[in-house]
Amino acid sequence: MRNLPLHDQGDADTVADAERGFVAALTPGVVTTADGRVIWDADSYAFLHQECPPTAHPGLWRHARLCSRQGLYEVTEGVYQVRGLDLANMTLVEGDEGVVVIDPLGSTECARAALGLYRAHRGPRPVTGVIHTHSHVDHFGGVRGVTGGGVPIVAPAGFLEHVIAEHVHAGPATARRSVYANGTALDRDPSGQIGTGLGLALSTGTVSLIPPTVSVDRTGQEETIDGVRIVFQLTPGTAAPTGMNLHLPGPSALFLADNATRALHDVLGPRGAPVGDARAWSRHLDEAAALFAGRSDVALASHHWPTWGRDRIVALLSAHRDLYAYLHDQTLRLMNSGLTGTEIAEALRLPPELERAACTRGLHGTAVHTVKAVYQRYLGWYDGNPAHLWEHPPRESATRYVECLGGGAAVVAHARRYAEAGDLRFAAQLLNQAVFADEGNKEARDLLAEVYTRLGHAVESGAWRDCYLTGAKELVEGIAPAAPYAVPTEVLAAMSVEQVFDLIASRVNGPRAWRERLSVDWYLPDLGERHRTTLSNGALIHQATPPDEPADLTLKLTKAQLVGLLAGRNVEGVEREGDTTALKRLVAVLDPPLDGFAVVTP
């Protein structure tokens, strides 16, 4: 982890940028659902305006303090941002008749509050278009808080495909890991959650989705919405598998989405995601500088605050470009010299100029994780050492390690000595073995919670802090109750029929279905489509063009009815022909996703 000298943070310029253009804050800074449930509370971060305590890294504390400055800001004439009302910013560009919204936050309630704050100071302008820069929920989930549709909805090519891959297929696992990465179970106080590095937190309101009506398919594509001319640059493989920057020639503003903010973004974060491409990320930033920097007076993004002045914009883009390129290329160089990802992450050193750059601090993503992500992208999880080719699972390995070390009490004693000597990382490794060997070992659990807490209070990355502190909380208090995972209704509705069957297939309990043989034809007259699913050897096989032989059961239903069945609703009006028990037998072998699975215990 890089530790920039505390006297060299570029604080004066950073604070000035974060405060510039302030119009008004939302008062109180609390957003609720219709039934009164609090889904955003910016006021709970008021403690950040005191001096940094010993329970936080000074760099993260200062950064979180700046992120906590919520409200409406004027970026330049006709361009506004609402910051601090969700993890991301909402950007509003005034047009001839109304306002175009870029990235409408992560939930409808926060988006509605942000738009209301804007209208309170700029008048009741209608929303005349919406732009989603990429497929993360904090950039599209609030869309119905600003519009019910009927306006252009612009997104990069492949947007829906990647929304569904992230929020449906891997949704339960990433939702559980998000509790760690975002610290959602932690108290908001100097010892707990103080921000994620990208922003304060992710709101917990209603997620919505309106399918795009305009697809951006190439760099240089131009669209005009409500008189606002927009030039797009596709940036796949960066913060998300599909994404884009955009340039507004009128106000001379460059919008960089998540691609160059005031901190290092993760190429592969602790929540889990498809691995980004650090080399492509660097090249996209170089292209953005060549295409737009010379014609931009301000650069703004989906997180943090803008950068004004062409020289400073070039410096911002160059620093991020050089950092991603350096981390990528040096990882390859050392990888091809025989080092593993873990070894490279420890050995790699940054050039002094990048070491000093305040805009690329590891406040969210880190150089350590970026190196490991690059290694994983090229070589996968296996490091080439046969000892790691077929290791025992964590619990079985732990029992053997603990036995070799003389038992649980001996492991705890060793770990305590390492912790007292300041080697918290190895103390955590040892104690993790003790806990996985015997999760009832209270001394090991309590000491590991203490070690995780000390690690969390020392690191600069908000995501790392939240992971450590959530682990500590879970060891002491157990798994925090969470709402059952559910795919947002409008995300389900946006899925293709093939994606619906892919989701069903991913929930088949293979061993329970080994001996089941059945086939179901699904006829959807509203789409003019017929599909067949066949359960064979514990796998659900989907055929978009069914063979001629009859199926065990034929169902005639609409796409909406199919989605309703998947959502667990009682759906009427479905016509059935054949063996009606086939559907019940299929449902009987489906497992619901497991909410609240263990992470720091077996």
Side-chain angles (χ1 to χ4, degrees), residues 158 160-176 241 272-274 380-382 389-390 393 484-489 491-595 597:
L160 274 183
E161 172 191 347
H162 293 293
V163 165
I164 290 162
E166 178 177 340
H167 298 282
V168 179
H169 297 316
T174 55
R176 177 71 177 110
W381 64 268
Y382 177 48
L389 189 61
W390 192 27
Y485 175 78
V487 180
T489 302
V491 175
L492 269 178
M495 295 170 67
S496 68
V497 175
E498 181 179 17
Q499 289 170 326
V500 169
F501 290 130
D502 285 346
L503 176 57
I504 297 173
S506 71
R507 295 188 177 176
V508 172
N509 183 312
R512 200 161 66 232
W514 282 345
R515 292 177 175 81
E516 278 286 7
R517 295 290 187 274
L518 60 88
S519 58
V520 179
D521 274 0
W522 309 76
Y523 174 46
L524 292 89
D526 57 324
L527 301 180
E529 295 179 9
R530 187 182 295 272
H531 299 256
R532 176 169 295 182
T533 55
T534 303
L535 193 60
S536 174
N537 289 313
L540 189 69
I541 308 301
H542 167 245
Q543 294 169 293
T545 305
D548 291 336
E549 60 263 24
D552 296 317
L553 172 66
T554 297
L555 299 176
K556 182 179 179 182
L557 72 174
T558 65
K559 166 78 179 304
Q561 288 172 318
L562 175 61
V563 170
L565 285 173
L566 181 59
R569 296 195 294 269
N570 184 23
V571 177
E572 297 181 353
V574 177
E575 297 181 23
R576 297 169 169 84
E577 181 181 337
D579 181 4
T580 56
T581 69
L583 185 59
K584 293 179 181 178
R585 286 154 51 207
L586 174 58
V587 171
V589 300
L590 301 182
D591 276 350
L594 180 62
D595 299 301
F597 52 78

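This one's a predicted model, so the numbers in the text were calculated from it and none came from an experiment.
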Once you round to the nearest 0.5 Å, how far does CZ of Arg532 lie from CG of Leu553?
11.0 Å

Could you tell me whether a side-chain N or O of Ser519 sits under 3.5 Å from a main-chain N or O of Asp552, the two making a donor and an acceptor?
yes

Measure the spacing between CG of Asn509 and CD of Glu516 and express it to the nearest 0.5 Å.
12.0 Å

Would you indicate whether the side-chain heavy atoms of Leu586 and Leu540 approach each other to under 4.5 Å?
yes

Consider side-chain contact (heavy atoms from CB on, under 4.5 Å). Of Lys559, Lys556, Arg530, which one does Leu524 pass it with?
Lys559

Using the rule given for side-chain contact (heavy atoms from CB on, under 4.5 Å), can you reason through His167 versus Val487, listing the C-alpha separation, both sets of side-chain angles and the distance that settles it, and then say yes or no?
CA-CA 7 Å; His167 298 282; Val487 180; 5.6 Å; no

Hey, what's the ring geometry for His531 with His542, parallel, tilted or perpendicular (30° and 60° as the breaks)?
parallel

Please find the pair of heavy atoms, one from Val508 and one from Gly538, that lie closest to each other, and give the distance.
CG1-O, 3.6 Å

Step by step, work out the side-chain contact (heavy atoms from CB on, under 4.5 Å) result for Asn537 and Arg517.
CA-CA 8 Å; Asn537 289 313; Arg517 295 290 187 274; 2.9 Å; yes

Check: Leu557 and Val571 side chains under 4.5 Å, non-hydrogen atoms
no

Taken to the nearest 0.5 Å, the spacing of Glu498 CD from Leu503 CG works out to 12.5 Å

Trace of the side-chain contact (heavy atoms from CB on, under 4.5 Å) decision for Gln561 with Leu555
CA-CA 11 Å; Gln561 288 172 318; Leu555 299 176; over 6 Å; no

When you compare the side chain of Asp591 with that of Arg512, does any pair of heavy atoms fall below 4.5 Å?
yes

Mark yes when over 12 heavy atoms from residues, nucleotides or ligands other than Gln543 sit less than 6.0 Å from its CD; otherwise mark no.
yes

Before you tell me yes or no, could you show the steps for Met495 and Val168 under side-chain contact (heavy atoms from CB on, under 4.5 Å), namely the whole-Å CA-CA distance, both residues' side-chain angles and the distance that decides it to 0.1 Å?
CA-CA 9 Å; Met495 295 170 67; Val168 179; 3.8 Å; yes

Just checking Glu572: does its CD atom have more than 12 heavy atoms from other residues, nucleotides or ligands closer to it than 6.0 angstrom?
no

By salt bridge (Lys or Arg N to Asp or Glu O under 4.0 Å), which residues pair with Asp502, not counting sequence neighbours?
none

Given side chains that start at C-beta, do those of Ile504 and Thr533 come closer than 4.5 Å, heavy atoms only?
no

How long is the gap from CH2 on Trp522 to CG on Leu527, to the nearest 0.5 Å?
14.0 Å

Verify, without hydrogens or angle tests, whether Arg176 (side chain) and Phe597 (backbone) share a donor-acceptor contact under 3.5 angstrom.
yes

Find the distance between CG (Leu518) and CG (Leu535) and round it off to the nearest 0.5 Å.
5.0 Å

Straight-line distance of Ser496 OG to Leu160 CG, nearest 0.5 Å
9.5 Å

